[in-house]
Amino acid sequence: TERKRATEREQLLIAAVEHTADGVLITDATGIIQYVNPAQETLSGYSLDELVGQTPNVLKSDFHDGNFYKQLWDTIGVGTVWSGRFINKKKDGTEYHEDASISPVYDKSDNLTNFVVVEHDVTKQLALQEQLFQAQKMETIGTLAGGISHDFNNLLQPIMGYTELLMMEKKQGDPELDRLQKIYDAGKRGADLIKGLMLFSRKVEPEFGSVDLNHEIVQARTLLSQTIPKTIKIDLRLSDDLKTVQADPSQIGQVVMNLGVNARDAMPDGGTLTIATTNVQLDKEYCDTHLEAKPGSYVLLVVSDTGKGMDKETLSHIFEPFYTTKEKGKGTGLGFATVYGIVKKHDGHILCYSELGNGTTFTIYFPSIQVEKDSDTPTDETPIPGGTETVLLVDDEEDLRDLGTTLLNRFGYKVISAGNGKEALEIYQMEKDRIAIILLDLIMPEMDGRRCLAEVLQVNPNAKVIIASGYSESEPASMAAGAKGFVQKPYNVRQFLNTVREILDEG
């Protein structure tokens with residue numbers, strides 16, 4: 001009976017070790033492998049026959065130094081269990097991470113006979129943790145970008161606003177007009193840069209409009225030429241009769257910049273970056289072999305480089321988030337994933353062709369649209385509307401209050417200003433019959449714009465309030481909270497005054 005029970009226990013132990021999901025490896029007292037279970041075979045890529053008679057050194061990678069293994073042997077050599085993490089190497093050379101414990105085994109005479117190693121593969125867990133860390137890092141960047149956006153747009157607003165005022169005072173042909181235009185354009189590029197950062201980090205929805213792709217590429221080339229070394233030539237091959245696309249210009253610029261910067265990294269010794277556009281018609285035959293494409297008229301954007309190229313394995317992962325071929329610390333693996341996401345939001349599709357040593361080519365298809373010319377569309381020559389109403393201007397930045405007051409006074413409005421929501425509410429309660437409209441900043445001390453808006457609407461549910469903010473994503477929330485209009489900082493004079501007049505004339 002005892003022999004039978006012992007046999008049953010032995011068979012149970014054998015079955016448990018054979019079927020456990022963790023790798024089990026047993027050596028003799030000198031470290032020679034005597035047994036590995038099926039899970040260990042799967043984990044390492046080596047069969048039982050290949051491992052028996054070897055030492056665990058066959059699994060060693062170059063990651064751990066000699067001191068690591070000395071401490072391990074010092075621990076198990078005195079009969080203590082060792083626990084820790086290995087970075088080992090499979091038969092095919094792939095590194096894998098495992099949490100392991102090594103336990104000494106003694107016989108009845110207290111002689112050391114074996115070591116039992118139990119290994120748990122944590123490679124996938126660590127990869128997921130790294131992706132989570134990257135996602136959290138990007139969320140942090142998004143929060144930081146929000147603060148930068150607000151402060152930077154507030155800095156740009158007086159620069160651009162006063163520049164516009166000076167331009168209005170100049171006559172055509174005045175040499176200073178061109179210089180002022182360059183100042184204004186530089187401020188606009190700064191605003192677009194911040195907007196691009198917000199689009200990426202905070203996932204702001206695209207603002208679609210009719211876009212000339214060639215124009216956005218020329219704009220992006222200016223930035224690229226300041227980013228990539230002079231050993232790389234930028235060659236533009238743009239179609240003269242290119243059709244219009246429905247797109248967000250900032251995101252189109254981001255696509256070109258991301259592809260351009262990655263091309264730079266692929267050509268450390270120099271080369272040629274070619275950006276080309278043309279009109280194409282995709283037929284059913286093409287779409288049958290490209291599942292993401294739909295028949296129709298498209299604008300084709302091609303970005304190619306003469307760099308080192310990619311192999312098929314890399315190419316198969318190119319648009320996956322956090323996948324990168326760059327060395328540690330050189331990239332997040334989000335560049336191509338961002339490009340892919342933008343193209344999809346624009347109902348387009350993107351393909352990548354590459355061979356080792358033969359460069360890389362990205363082909364992007366954006367649906368083209370027919371644009372009808374509207375003779376009634378306002379132009380810069382259309383007179384800017386003014387008025388005689390009283391405006392309550394609320395902003396905690398003195399420079400912005402001064403600018404707003406100057407603009408409004410110049411076009412006939414009377415202005416009462418306040419430095420925060422609390423002060424504005426007190427003024428409105430006393431002067432509500434005289435105040436026709438409120439221009440309200442969102443981020444202010446003591447009482448912010450959102451609370452001020454709610455309090456004003458309690459006093460007068462029909463109050464006309466325009467929110468002015470450096471956060472573009474504030475517009476939907478502001479309108480839902482009862483604001484009649486929204487102005488994105490930094491605004492231009494025409495945009496600002498047109499919005500004021502339109503809201504005043506409503507009803």
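Positions are given from 1, in the same order as the sequence printed here. Atom set for the values below is all heavy atoms of this structure, side chains included, hydrogens, waters and symmetry mates excluded.
Screening residues 84-101 for salt bridge (charged side-chain N to carboxylate O under 4.0 Å, His left out), with sequence neighbours left out, gives Glu50-Lys91, Arg85-Asp99.
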(request) Test side-chain contact (heavy atoms from CB on, under 4.5 Å) on Val118 and Ile102 and set out the steps. (result) CA-CA 7 Å; Val118 178; Ile102 304 176; over 6 Å; no
(request) Start with the C-alpha gap between Thr30 and Asp28, add the side-chain angles, then the distance that decides, and say whether side chain to side chain donor-acceptor pair (under 3.5 Å) holds. (result) CA-CA 5 Å; Thr30 65; Asp28 64 16; 2.8 Å; yes
(request) Please test Val58 against Tyr46 for side-chain contact (heavy atoms from CB on, under 4.5 Å), starting from the C-alpha separation and ending with a verdict. (result) CA-CA 10 Å; Val58 70; Tyr46 290 98; 3.8 Å; yes
(request) Go through the steps to decide whether Thr163 and Met167 satisfy the test side-chain contact (heavy atoms from CB on, under 4.5 Å), and finish with yes or no. (result) CA-CA 6 Å; Thr163 301; Met167 290 168 66; 4.0 Å; yes
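Side chains of Thr360 and Tyr353 form no contact here, defined as non-hydrogen atoms less than 4.5 Å apart. Contact annotation: the side chain of Val303 never approaches that of Thr274 to less than 4.5 Å [non-hydrogen atoms, C-beta and beyond]. Side-chain contact between Asp448 and Ile443 is absent, with no heavy atoms from C-beta onward closer than 4.5 Å. The side-chain heavy atoms of Gln125 and Val122, taken from C-beta on, include a pair separated by under 4.5 Å. Side-chain contact check for Leu259 versus Val339: some heavy-atom pair is nearer than 4.5 Å. In this structure the side chain of Ile342 reaches within 4.5 angstrom of the side chain of Gln254, judged on heavy atoms. The side-chain heavy atoms of Thr244 and Val211, taken from C-beta on, include no pair separated by under 4.5 Å. A heavy-atom distance below 4.5 Å is not found between the side chains of Phe362 and Val302.
For Gln181 and Asp185, the side-chain atoms include at least one donor-acceptor pair closer than 3.5 Å. No side-chain donor-acceptor contact under 3.5 Å links Thr278 and Ser239. Checking Asn214 against Thr277 by side-chain atom types alone, a donor-acceptor pair falls below 3.5 Å. Side-chain contact of Gln251 with Asp248: a donor-acceptor pair under 3.5 Å is absent, judged by distance alone.
Applying side-chain contact (heavy atoms from CB on, under 4.5 Å) to Arg221 and the options Val256, Leu236, Leu273 leaves one that passes, Leu236.
Shown here for Thr499 and Phe486, the closest heavy-atom pair between the two residues is CG2-O, 4.5 Å. Taking both residues in full, the closest heavy atoms of Gln34 and Asn114 are given as OE1-ND2, 2.9 Å, listed atom of the first, atom of the second, then distance. Residues Glu119 and Gln40 share a closest heavy-atom pair of OE1-OE1, 2.6 Å. Contact record, Thr306 with Thr272: OG1-N, 3.0 Å, taken as the closest heavy-atom pair. Across all their heavy atoms, Gly270 and Ile232 have their closest contact at CA-CG1, 4.0 Å. Of all heavy-atom pairs between Asn153 and Pro490, the closest is OD1-CD, 3.2 Å.
Ring to ring, Phe115 and Trp73 are close: their centroids are under 6.0 angstrom apart.
Between Tyr491 and Phe496, the ring-plane angle classifies as parallel under the 30° and 60° cut-offs.
For CZ of Phe68, the number of neighbouring non-hydrogen atoms (other residues, nucleotides, ligands) closer than 6.0 Å is greater than 12.
Note that Lys243 lies outside the cation-pi zone of Phe366, set by a 6.0 Å cut-off to the ring centre and a 45° limit from the axis.
Using a 4.0 Å cut-off between charged nitrogen and carboxylate oxygen, Asp395 and Lys489 count as a salt-bridge pair.
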Cut-off 3.5 Å, no hydrogens considered: what does the side-chain donor-acceptor table look like for residues 13-21, sequence neighbours left out?
residue : atom : partner : partner atom : Å
Glu18   : OE2  : Tyr35   : OH           : 2.5
His19   : ND1  : Ala15   : O            : 2.8

